[in-house]
Amino acid sequence: MGWTQVTSAGALTQALASGAANIEVIGRLKGMPSVTLPPGTKLRGGELTFGAKGLRLTSDNTVQDTTITTSPHEVAIYNDTSVPDLGTLTLANVTTTGQVYLAADNNVRAGRIEADGVHVTAADTRGRFHRPTGFGVEALQGAFTVWNRQADAAVRLTARLERISAGSAAEPVHGSGVFVGGHGDTAGKADGGTIDVELLSTVDVFSNGGIAPGTPDLISGGVFVISGANVAEVRNLGTTTTYGQNDMVLDNWGAVTAWNARGAVTSWGPSGIGFVNFGDIGVLTVDAPVETYGLGARGFNVYDGSLREAVFDSITTHGDGSVGVQVSRDLPALTIRGDLRTEGGTGESLVKGVLLPLSAIALSIKPGGRIGTASIGGNVRTEGAGVPAMELEGELDSITVGGKVTAAGDASDVVRAVPALAAAIAGLTMEGR
């Protein structure tokens with residue numbers, strides 16, 4: 001079947017009314033009202049410019065090689081929630097100004113979403129009413145959001161989401177960047193509809209949640225896997241950068257078999273975290289530096305859930321209160337190929353919805369936390385006044401450090417550890433200022 005070409009908003013409306021199955025947009029169509037693609041309709045090419053909501057999908061729609069433009073606070077692409085089944089919604093080589101929001105809500109009880117090469121140039125989701133809740137906070141929706149909001153556990157979406165990107169260094173999106181989730185309870189645990197994702201891959205993601213300084217109960221994430229999402233693999237192929245208050249860079253509340261980050265993981269804002277886990281992960285591998293700059297912006301946290309193995313290139317934090325690695329649960333294996341280093345002293349940081357004073361300890365194992373084997377290829381170093389390199393209040397089976405363990409800021413102890421860990425740390429080379 002051929003393609004019906006349209007060159008004006010009126011021609012597009014007429015083509016849709018006539019039942020055209022394949023529509024090709026030529027040039028830029030301005031002054032568009034929100035447009036709904038009927039079931040099975042495909043649209044490609046050109047640019048559609050809307051004043052309010054943009055393109056609404058129903059079921060078995062394909063949108064490819066096109067640009068959708070609206071106001072950043074509006075939805076550029078969304079779906080009709082009155083249909084029972086989305087079929088397969090496909091986005092390929094699509095650029096938007098405005099949010100991409102695809103959700104199972106109201107009548108939607110099934111569907112598949114396939115996206116490849118979707119870039120959201122600008123979006124602002126701070127005004128969205130619906131936010132997942134857990135661990136003492138609410139989370140902002142993403143510029144690219146796929147969300148099963150149904151409370152019924154029988155409702156299941158599937159997805160393959162590849163080469164998703166958001167914002168730029170000059171204009172980060174406001175809110176979260178990429179957000180994929182299912183239904184969760186108020187504790188952040190999955191308790192309803194789910195989404196099974198074969199692959200979530202991102203290119204460059206730049207986000208600034210725009211959260212007011214000092215806010216204790218609202219967060220955002222550069223790439224955020226929410227409870228109820230079951231992801232076989234996450235691949236961060238490009239850099240992921242956040243800029244604002246409480247902006248996590250990579251955050252997991254869901255279940256991920258393998259998470260692989262190949263680009264730099266960077267946080268510039270207060271109380272951000274390079275990677276934080278509250279869900280379940282098999283193996284986490286970060287093959288590029290994790291670096292944070294803000295007050296209380298930690299490098300890597302395991303606060304809840306489970307994580308079998310974590311591997312990092314290096315972790316560096318610069319702000320007061322910015323712990324390098326903090327573990328509150330069981331972590332059987334931790335590897336950092338390079339240095340684990342902090343520069344700051346004591347400062348305020350957001351912990352499970354509460355702002356608390358923390359010292360920028362390089363390696364912190366909290367009571368109830370455990371690391372099986374820790375291997376650090378470079379140095380473990382703190383530079384803040386009175387900040388030990390390690391504070392080991394939980395369990396540590398064994399640790400090796402290729403370089404030195406140094407507290408350069410005149411700490412009374414280079415390593416503070418419960419007596420039971422004396423044997424585990426006995427072979428370390430320690431150096432105070």
Side-chain angles (χ1 to χ4, degrees), residues 135-136 188 248-253 256 259 261 265 267 271-286 290 292 296-317 321-342 344 349-354 356-382 387-401 405 407 413-418 420-425 428:
F135 312 104
M248 313 301 126
V249 187
L250 305 176
D251 197 338
N252 177 55
W253 293 8
V256 179
W259 193 311
V265 176
S267 166
S271 288
I273 303 176
F275 195 106
V276 57
N277 182 54
F278 287 93
D280 299 302
I281 302 177
V283 179
L284 166 66
T285 306
V286 183
V290 174
T292 72
R298 287 151 284 159
F300 168 55
N301 275 150
V302 180
Y303 271 142
D304 209 327
S306 65
L307 172 57
R308 190 171 75 247
E309 180 180 5
V311 180
F312 291 89
D313 174 78
S314 63
I315 297 175
T316 305
T317 72
S322 299
V323 181
V325 171
Q326 191 169 72
V327 174
S328 303
R329 295 283 179 168
D330 186 67
L331 176 58
L334 170 67
T335 300
I336 301 174
R337 300 184 187 117
D339 291 342
L340 171 59
R341 182 169 63 89
T342 72
S349 186
L350 180 69
V351 180
K352 291 187 177 181
V354 180
L356 298 175
L358 295 179
S359 294
I361 298 160
L363 177 62
S364 170
I365 305 177
K366 304 301 290 181
R370 170 186 172 269
I371 296 179
T373 60
S375 174
I376 299 168
N379 298 310
V380 178
R381 179 181 177 88
T382 60
V387 179
M390 300 182 186
E391 188 171 65
L392 310 177
E393 302 172 291
E395 299 180 39
L396 174 64
D397 294 355
S398 66
I399 183 170
T400 59
V401 178
V405 180
D413 297 305
V414 177
V415 177
R416 295 176 188 165
V418 296
L421 297 184
I425 63 175
L428 300 181

Worksheet item: What residues form a side-chain contact (heavy atoms from CB on, under 4.5 Å) with S306, not counting sequence neighbours?
Response: D280
Worksheet item: Can you name the salt bridge (Lys or Arg N to Asp or Glu O under 4.0 Å) partners of E309, sequence neighbours left out?
Response: none
Worksheet, complete the sentence: Across all chains, not counting sequence neighbours, the side-chain contact (heavy atoms from CB on, under 4.5 Å) partners of N379 are D339, K404
Worksheet entry | Value rounded to 0.5 Å, distance of CG in D304 from CH2 in W253 | 11.0 Å
Item to complete: Mind checking the CZ-CD1 spacing from R298 to I273? Nearest 0.5 Å is all I need.
Response: 4.0 Å
Worksheet item: Quick one: salt bridge (Lys or Arg N to Asp or Glu O under 4.0 Å) partners of E395, sequence neighbours excluded?
Response: none
Discussion item. Can you pull out every salt bridge (Lys or Arg N to Asp or Glu O under 4.0 Å) where at least one residue sits in residues 357-378? Sequence neighbours excluded, please.
Written reply: D330-R370, K366-E393, R370-D397
Worksheet item: Of all residues at least two apart in sequence or in a different chain, which pass the side-chain contact (heavy atoms from CB on, under 4.5 Å) check with A374?
Response: I371, L396, I399
Item to complete: Answer whether the closest heavy-atom distance between the side chains of F312 and L334 falls below 4.5 Å.
Response: yes
Fill in: Inter-residue atom distance F275.CZ - D251.CG, 0.5 Å rounding
8.0 Å
Worksheet entry | Qualifying residues under side-chain contact (heavy atoms from CB on, under 4.5 Å), relative to V387, sequence neighbours excluded | S359, I361, T382
Discussion item. Minimum heavy-atom separation for A407 and A389, please, with both atom names.
Written reply: CB-N, 4.2 Å
Worksheet item: Who passes side chain to side chain donor-acceptor pair (under 3.5 Å) against T373, sequence neighbours left out?
Response: none
Worksheet entry | Residues which pass side chain to side chain donor-acceptor pair (under 3.5 Å) with D413, listed by chain and number, not counting sequence neighbours | none
Worksheet item: Does Y303 offer a backbone N or O that forms a donor-acceptor pair with the side chain of S328 under 3.5 Å?
Response: no
Item to complete: List the atom of G272, the atom of S267, and the distance in Å for their closest heavy-atom pair.
Response: CA-OG, 3.8 Å
Worksheet item: Sequence neighbours excluded, which residues qualify as side chain to side chain donor-acceptor pair (under 3.5 Å) partners of R308?
Response: none
Item to complete: Without swapping roles, check the side chain of N301 against the backbone of Q326 for a donor-acceptor pair under 3.5 Å.
Response: yes
Worksheet item: Mind checking what makes salt bridge (Lys or Arg N to Asp or Glu O under 4.0 Å) contact with R416, not counting sequence neighbours?
Response: E391
Fill in: Interatomic distance, I281 atom CD1 to N252 atom CG [nearest 0.5 angstrom]
4.0 Å
Item to complete: Output the distance between atom CD1 (I315) and atom CD1 (I336), rounded to the nearest 0.5 Å.
Response: 4.0 Å
Worksheet item: Going from CD1 on I376 to CZ on R337, what distance comes out if it is rounded to the nearest 0.5 angstrom?
Response: 13.5 Å
Discussion item. Has T292 got a side-chain atom pairing as donor or acceptor with A297's backbone, closer than 3.5 angstrom?
Written reply: yes
Worksheet entry | Pairwise side-chain contact, F300 with L284, heavy-atom cut-off 4.5 Å (strictly under) | yes
